[in-house]
Amino acid sequence: MTKLATQLIQGTNGTDDANTGAVVPPLYFSTAFRHPGLGASTGYDYARLETPTRALLEQQLTLLEGGVAAWAVSSGMAAIDLVFSTFTQTGDHFIASDDLYGGSFRYFDERQAKYRVDYDTWDGRDIDHLLLSLRPQTKLIWLESPSNPTMKVIDLEAVADAVHAVRPDILIAVDNTFLTPIYQRPLTLGADLVVHSATKYLGGHNDILAGAVVARTDTLAAALSAQLTTTGQTLDPFSAWLLLRSLKTLKVRMAAHTTNAQFLAQRLADLPGVAKLLYAGVGGMISFYLAPGYSVDTFLRGLAVCSFAESLGSVETMVTVPDVQTHHDMPEAQRRALGITPQLIRVSVGLEDEDDLLADLTQAIANAQPKED
Ligand SMILES: *Cc1c(COP(=O)(O)O)cnc(C)c1O
């Protein structure tokens, strides 16, 4: 079998049944598929269940994460909902790492309030403490690494080993949006489920809203399939086709995101306006604290190349203020305890020229310094 980069580029080519010789796969919009006869199927019956275009994407997602099956769904939140609605019910308990996507916390709080699926948080570091927090009702452990936005790295393999040694029934689910399978493949480290907001790096161009779930075993896959057929939050054919196209460049994009992020992480850390910089060492996400007295608003208004916007993972560099944007639904005390302060800036480093990015951020930071009276 050819290697991953080749599979991503060539793996779905030549699949045009019409024998036109088209190099890239066709896009099928049909929602209904004719049956050859009673009890017979082409493999496609109705679009909520599966479409040819989505099937190709799911084949690529499965391959990327090293699972047995994948589902392309309508957003990252739909992917999270697919996992929780499939595997948890009233009275269950789960544990989530404490520093993760704010929308996930909003979802967890809703599940707790409406369905009494309780959860505890964990700092991502002390595994003994995690084991002590397990309850007989614990169904699932939800992890995001590196954490969002403070870039704490969790040892996924150590967590999976320790938990499965005492409780093989507990599912380890990882939101792998930040690193992507190019840098981290949780299923190969012992996790059971991987989730993506494919809106971010997998899509990579700020033009597709999508999510993905990948399963490690056939039993998990069967449960997810049945739930998705019931609830129907599937990805539409055109987004699926665009995402297939994006995946072809995932490896080169991630390498370039890392190169630019490493460059900026090094240079920005030395600026007088930067109190502290956080970076996991790979991937395109960095965070930093503007020094005390520096105006966040002036900094944001001064950006010319980077966009002040609420997303990540695209070729365009995006700057976010987690305290008032992505993480605002988290209680203030919890935000402060995690280090999410009003001065914390998160940068999704894009693929523009590295010197232009550095110059833009440097001038915007200098411009934001406290004014002398
Ligand atoms: C954006 C994001 C989500 C939610 O995904 P949507 O595609 O916006 O629904 C989930 N997890 C992480 C880490 C994200 O960044």
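On a predicted model such as this, the values are computed, not experimentally measured, just so you know.
Checked by atom type, the side-chain pair Ser97/Glu144 shows no donor-acceptor distance below 3.5 Å. Side chain to side chain, Glu310 and Thr320 fail the donor-acceptor criterion of an N or O pair below 3.5 Å. Using modelled atom types, one finds a donor on one side chain and an acceptor on the other under 3.5 Å when comparing Asn206 with Glu316. No side-chain N or O of Trp71 forms a donor-acceptor pair with one of Thr234 less than 3.5 Å apart. Inspection of the Thr177 and His196 side chains reveals no N or O donor paired with an N or O acceptor under 3.5 Å. Side-chain contact, Asp99 with His327: no donor N or O sits under 3.5 Å from an acceptor N or O.
In this structure, the side chains of Val195 and Asn176 stay at 4.5 Å or more apart for every pair of heavy atoms. Side-chain atoms of Tyr119 and Ile95, non-hydrogen and from C-beta on, never get closer than 4.5 Å to each other. Considering only heavy atoms from C-beta on, Leu312 stays 4.5 Å or farther from Met318 through its side chain.
A cation-pi arrangement, defined by a distance under 6.0 Å to the six-membered ring centre and an angle within 45 degrees of its axis, is present between Arg111 and Tyr115. The cationic group of Lys200 lies under 6.0 Å from the six-membered ring centre of Tyr101 and within 45° of the ring axis, placing it in a cation-pi geometry.
Tyr46 is not connected to Leu228 by any chain of hydrophobic side-chain contacts under 4.5 Å among Ile, Leu, Val, Met, Phe, Trp and Tyr, and they are in different clusters. Val174 and Ile182 fall into different hydrophobic clusters, defined by Ile, Leu, Val, Met, Phe, Trp and Tyr side-chain heavy atoms under 4.5 Å apart, directly or through other members. With hydrophobic clusters built from ILVMFWY side chains whose heavy atoms lie under 4.5 angstrom apart, Leu171 does not share a cluster with Ile141. Residues Leu64 and Val194 are members of separate hydrophobic clusters, defined by side-chain heavy-atom contacts under 4.5 angstrom among Ile, Leu, Val, Met, Phe, Trp and Tyr. Criterion: ILVMFWY side-chain heavy atoms under 4.5 Å apart, direct or through other members. Under it, Leu179 and Leu278 are part of a common hydrophobic cluster.
Aromatic pair Phe108/Phe94: centroids less than 6.0 angstrom apart. For Trp142 and Phe84, the ring centers are positioned less than 6.0 Å apart. Taking the six-membered ring for Trp, Tyr201 and His257 have ring centres closer than 6.0 Å.
To the nearest 0.5 Å, atoms CD (Glu354) and CZ (Phe263) are separated by 4.5 Å. Between the CG atom in Asp329 and the CZ atom in Arg335 there is a gap of 8.5 Å [rounded to 0.5 Å]. Residue Leu156 holds its CG atom at 9.0 Å from CD1 of Ile172, rounded to the nearest 0.5 Å. How far CG of Asp123 is from OG of Ser147: 10.5 Å, rounded to the nearest 0.5 Å. Distance CD/Gln343 to OH/Tyr294: 10.5 Å, rounded to 0.5 Å.
In this structure, Phe288 and Phe299 have perpendicular ring planes: the angle between them is above 60°, well past the 30° mark.
Using a cutoff of 4.0 Å between basic side-chain nitrogens and carboxylate oxygens, Arg167 and Asp169 are scored as salt-bridged. A salt bridge does not link Arg346 with Asp323: none of the charged nitrogens is closer than 4.0 Å to a carboxylate oxygen. Residues Arg54 and Glu58 are paired through a salt bridge, judged by an N-O separation under 4.0 Å between the basic side chain and the carboxylate. Salt bridge present: Asp120 and Arg135 bring a charged side-chain N and a carboxylate O closer than 4.0 Å.
In the displayed structure, Arg116 atom CZ is contacted under 6.0 Å by at most 12 heavy atoms of other residues, nucleotides or ligands. Within a 6.0 Å sphere centred on NZ of Lys152, heavy atoms belonging to other residues, nucleotides or ligands number more than 12. Within a 6.0 Å sphere centred on CZ of Arg245, heavy atoms belonging to other residues, nucleotides or ligands number 12 at most.
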